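Inspection log for the structure reproduced underneath, given as structure tokens.
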Amino acid sequence: MAVKVAVTGASGYIGRHVVSALLRRGCEVTACDLRPADFPEGVRFSDADIFSGAADIYDQLGRPDAVIHLAWMDGFVHNSPKHMAQLSAHVRFLNALVDAGLPKLSVMGSMHEVGYWEGAITADTPCKPLSQYGVAKNALRQSMLLYAAGKATSLRWLRAYYIFGDDARASSIFAKLTQAAERGQETFPFTSGKNKYDFISVEDLAEQIAAAALQDKHEGIINCCTGEPKSLAEQVEWFIRDRGLNIRLAYNTFPDRPYDSPGVWGDAAVIREIMEGE
């Protein structure tokens, strides 16, 4: 019998890829979002208002075996007031799922919960977020880990890092670089590019999210990442070559920000074990 999975934010940048990854695993998928999208055949669309505060929201979603909560407004605008303004709505929705006895709940987290850090981020790394987005995600994680403790719901907090791919839908440096090349720009203003980060394609991230959400062995914070730090310059130069873009980087146009870590990445031990176990 197929596993029933509901995905919130399914029409979004990551959501579309997660839906496809779940279908490849034979799941019965309900795509939940404010707007319909051109989902693959067989996907059920739900426009249920997950932030209505309805106690029966789990029933409205079809009582799935698992929920992957990706929905989040202004995810690319890190100091948007919407992050904290909508935090309580996220808490009410997720608490209602726990109260209804949802077996598996996966919530999208972010490295921005951590704030400044040098080296590998583990599940035990202390968090001191430096943006409204990071503060809100961190608070949601703390609240949900407390609320789900001792209850029937298995909670997985899936912490993402730097994402590239499907760049027409993104607002990352890779999307901006692609747009600049399409406009005919010959150079792209850049920093020194020396800082190192954990880059993952949105397709690979979606595979990790689907695998982590469906497995039964690991709970709590799970880093969805490569675990392999690369300099920003190395990654962007690779991206230019890979996409065949006719543009070059104008190094040191912008200074490196003093609050950016010289190197930060995710500890990938758990997600590697999950992916190898599929």
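This structure is a prediction, so every number in the text was calculated from the model and none was measured.
Judged by distance alone, with hydrogens and angles left aside, the side-chain atoms of D47 form no donor-acceptor pair with the main-chain N or O of L34 at under 3.5 Å. A donor-acceptor distance shorter than 3.5 angstrom exists from the side chain of T253 to the backbone of A250, with no hydrogens or angles considered. A donor-acceptor pair under 3.5 Å is formed between the side chain of R156 and the backbone N or O of Q215. Not a single donor-acceptor pair under 3.5 Å links the side chain of D267 to the backbone N or O of A120. A donor-acceptor pair under 3.5 Å is absent between the side-chain atoms of K176 and the main chain of S172, judged by distance alone. With hydrogens and angles ignored, the 3.5 Å screen pairs no side-chain donor or acceptor of T226 with any backbone N or O of D198.
Comment: K104 engages D216 in a salt bridge, judged by a side-chain N to carboxylate O separation of less than 4.0 angstrom. Looking at K217 and E273, a side-chain N of the basic residue comes within less than 4.0 Å of a carboxylate O on the acidic one, giving a salt bridge. With respect to the salt-bridge test (charged N to carboxylate O, under 4.0 angstrom), the residues E278 and R25 qualify.
Using the six-membered ring where Trp is involved, F93 and F51 have ring planes that are perpendicular, over 60° apart on the 30 and 60° scheme. In this pair, F199 and Y197 present their aromatic rings perpendicular. The plane angle is above 60°, beyond the 30 to 60° band.
In summary, of the residues considered (L155, I50, V67), a side-chain contact (heavy atoms from CB on, under 4.5 Å) with L97 occurs for V67 alone.
Of all non-hydrogen atoms in G101 and T153, the two that sit nearest each other are C-OG1, 4.3 Å.
No side-chain heavy atom of F76 sits under 4.5 Å from any side-chain heavy atom of Y133.
Ring centroid separation for the pair H78 and H83 does not come in under the 6.0 Å cut-off.
Residues meeting the ring-ring contact (aromatic ring centres under 6.0 Å, His included) test with F164, sequence neighbours left out: F174, W238.
For K82 and W72, the positive end is not near the middle of the six-membered ring at less than 6.0 Å and at most 45° from its axis.
Sorted by first then second residue, the side chain to side chain donor-acceptor pair (under 3.5 Å) pairs that include residues 112-125, not counting sequence neighbours, are E113-R141, E113-W157, E113-R159, Y116-E118, T122-T125.
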